[in-house]
Amino acid sequence: MRIATWNVNSLTARLQHVLDWLIANPVDVLCLQELKMSDDKFPLEVLQSAGYHAAVFGQKTYNGVAILSLAPVRDVLRNITGFEDAHSRVIAATLDTPAGELRVINGYFVNGQEPGSEKFAYKMRWLDSLRQMVRDELAAHERLVLLGDFNITPEDRDSYDPEGLRETIHHTTEERQHFQALIDLGLVDGFRLFEQPEKSFSWWDYRMLGYQKNRGLRIDHILLSQALVPAARGCIIDRVPRKWEKPSDHAPVVVDLAL
DNA sequence: ATGACAGCGAGGCGCTGA
C-alpha cells in the first residue's frame with residue numbers, strides 16, 4: 001500500500017490539484033494539512049466519489065488536517081491528547097489492511113516563526129505533548145505511521161542553505177532535538193531508508209523563484225514504526241504538482257509499504 | 001532590516017506562513 005502526505009495550503013484553492021493527483025497516484029491513504037476550512041466546508045462528497053473515506057479536523061482560515069483512505073477509518077482522535085490547543089493540527093485514525101491494523105497520525109506541526117518568540121515557545125510545548133501522545137500510541141499500536149508537515153529540517157542536508165540559515169526557524173538545534181526525540185521513540189525516517197538525490201526538498205518558497213532555483217527545505221516527513229520498516233519498498237517526493245499552475249508550496253511525499 | 005508570494009477574511013490592507 002502507498003501512503004502520502006501533502007500540505008495543500010488551502011483545500012479550497014487546491015481541490016482540483018488533489019483530485020488530479022489522486023487520479024495519477026491512486027494512493028491508499030492521503031494525509032492533508034492546511035485545509036484552511038471548517039468541517040462543514042470539507043468537500044466530502046467529491047472525495048467519496050473518488051473512492052475515499054475521510055476523517056476531518058478542520059478550522060476556518062488556518063490549519064486543518066484530514067486523512068483520506070480507500071479503507072474505512074476508525075478510532076479517530078483529534079488534536080493531541082491532554083494538550084489544550086486552539087489549532088486543529090493533529091488527526092489520528094486506524095485503518096484495517098490485509099496484514100492487520102495500521103495506525104496513522106497526521107500532523108501539521110507548529111511553524112514557530114522565530115526562535116525566542118512566543119510562537120516558538122508554543123512549538124516547543126506542542127512538540128513535547130506530541131511526543132507523549134506518540135509514545136502512548138506506539139505502546140498501543142505496533143504498526144504506526146507519523147507523517148505530515150513537521151516544519152523541521154532534520155539535518156543540514158535537508159536545507160538549501162544550512163550555513164546561512166543556521167539556528168533560524170526550521171533549522172534550530174532545539175527543533176532538531178525534538179525530531180530526534182520522536183525518532184528515539186522507535187520511529188524511522190522513511191525517506192532516508194532509501195538512496196535519495198542530493199538537495200531533495202518538499203517545500204519551496206513562492207517568492208524569488210524558489211522552486212526554479214531549488215531553494216527549498218525538506219520539512220514534510222513520513223516516520224515508520226520499527227515493525228513497518230521491513231515492509232518499506234520506497235519513499236519519494238513527487239515534485240510534479242509543484243510545477244502545476246497555482247500550486248501548493250509543498251510537494252507530496254509518498255511511501256510504498258508491502259502490506 | 002526589509003521585501004519578495006499566496007491565501008484568507010476583511011474591506012480597499014494586515015496577518016500568517018516557512
Side-chain angles (χ1 to χ4, degrees), chain A residues 5-19 21 31-43 56-66 85-90 106-127 130 147-176 178-179 191 199-221 237 239 241-253:
Chain A
T5 177
W6 193 7
N7 179 325
V8 292
N9 186 18
S10 167
L11 185 57
T12 306
R14 228 66 62 194
L15 179 59
Q16 195 57 52
H17 281 201
V18 170
L19 296 171
W21 188 81
C31 293
L32 301 172
Q33 304 90 36
E34 283 211 85
L35 305 180
K36 295 187 174 180
M37 58 170 51
S38 48
D39 287 0
D40 59 301
K41 299 283 199 299
F42 187 81
V56 185
F57 187 30
Q59 182 178 340
K60 186 179 172 177
T61 312
Y62 303 115
N63 313 305
V65 286
D85 198 345
H87 297 175
S88 303
R89 294 184 173 277
V90 175
N106 173 25
Y108 172 47
F109 290 40
V110 177
N111 174 316
Q113 203 164 59
E114 187 179 7
S117 67
E118 178 49 45
K119 287 177 180 173
F120 190 84
Y122 163 52
K123 184 174 194 172
M124 297 300 109
R125 289 197 305 275
W126 190 94
L127 285 163
L130 178 76
L147 77 175
D149 175 0
F150 284 54
N151 275 319
I152 300 172
T153 58
E155 299 177 83
D156 279 357
R157 61 177 165 163
D158 299 313
S159 172
Y160 71 95
D161 186 11
E163 296 299 338
L165 295 172
R166 193 163 298 290
E167 296 301 332
T168 65
I169 197 65
H170 312 303
H171 300 70
T172 67
T173 302
E174 268 186 284
E175 292 166 286
R176 288 178 177 178
H178 272 289
F179 185 88
F191 191 71
K199 302 189 190 309
S200 286
F201 307 128
S202 65
W203 169 89
W204 299 262
D205 202 309
Y206 286 123
R207 300 165 292 186
M208 311 288 283
L209 301 174
Y211 182 72
Q212 289 84 341
K213 296 177 178 173
N214 197 29
R215 293 163 60 93
L217 306 175
R218 191 176 73 92
I219 52 178
D220 299 273
H221 307 297
I237 297 168
R239 292 165 56 141
R242 187 62 178 78
K243 301 170 191 153
W244 293 345
E245 194 175 345
K246 299 279 266 173
S248 168
D249 42 358
H250 295 253
V253 185

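Chain A is the first sequence line, chain B the second, and so forth, proteins listed ahead of strands; every chain is numbered from 1.
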Say you pick atom [atom1] in [N] and the same atom in [M]; how far apart are they, in whole Å?
N	M	atom1	value
B:dA1	B:dG7	C1'	26 Å
B:dG14	B:dA4	P	13 Å
B:dA18	B:dC8	P	14 Å
B:dC13	B:dG3	C1'	16 Å
B:dG11	B:dC15	P	12 Å

Discussion item. Under the criterion side chain to side chain donor-acceptor pair (under 3.5 Å), I'd like the reasoning laid out for A:N111 against A:Y122: C-alpha separation, chi angles, the key distance, then a yes or no.
Written reply: CA-CA 9 Å; A:N111 174 316; A:Y122 163 52; over 6 Å; no

Worksheet item: A:K123 and A:E175: salt bridge (Lys or Arg N to Asp or Glu O under 4.0 Å), yes or no, with the steps?
Response: CA-CA 9 Å; A:K123 184 174 194 172; A:E175 292 166 286; 2.5 Å; yes

Worksheet item: Thinking salt bridges, do A:R125 and A:E118 make one under a 4.0 Å N-O criterion?
Response: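 Yes, A:R125 and A:E118 are salt-bridged.
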
Item to complete: Please determine if A:R176 and A:E155 form a salt bridge, counting it only when a charged side-chain N lies under 4.0 Å from a carboxylate O.
Response: no

Practice prompt. Grab the CG-P distance between A:L11 and B:dA6 for me, whole Å please.
Written response: 19 Å

Item to complete: Would you mind reading off the distance between A:K246 atom NZ and B:dA6 atom P, rounded to a whole angstrom?
Response: 6 Å

Item to complete: Could you check whether A:R14 gets within reach of a base, just the sugar-phosphate, or nothing at all, counting any heavy atom under 4.0 Å?
Response: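 Result for A:R14 = sugar-phosphate.
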
Practice prompt. Spell out, as yes or no, whether a donor-acceptor pair under 3.5 Å connects the side chain of A:Y211 to the backbone of A:D249.
Written response: no

Discussion item. We want to know whether A:H171 and A:S159 form a side-chain donor-acceptor pair, criterion being a heavy-atom distance below 3.5 angstrom.
Written reply: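 Indeed, the side chains of A:H171 and A:S159 share at least one donor-acceptor pair under 3.5 Å.
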
Discussion item. Does a side-chain N or O of A:T12 approach OP1 or OP2 of B:dG7 to a distance below 4.0 Å, or not?
Written reply: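 No, A:T12 has no side-chain N/O under 4.0 Å of OP1/OP2 on B:dG7.
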
Worksheet item: When you check every protein heavy atom under 4.0 Å of nucleotides 11-18 of chain B, what one-letter string (B, S, -) results, 5' to 3'?
Response: -----SSB

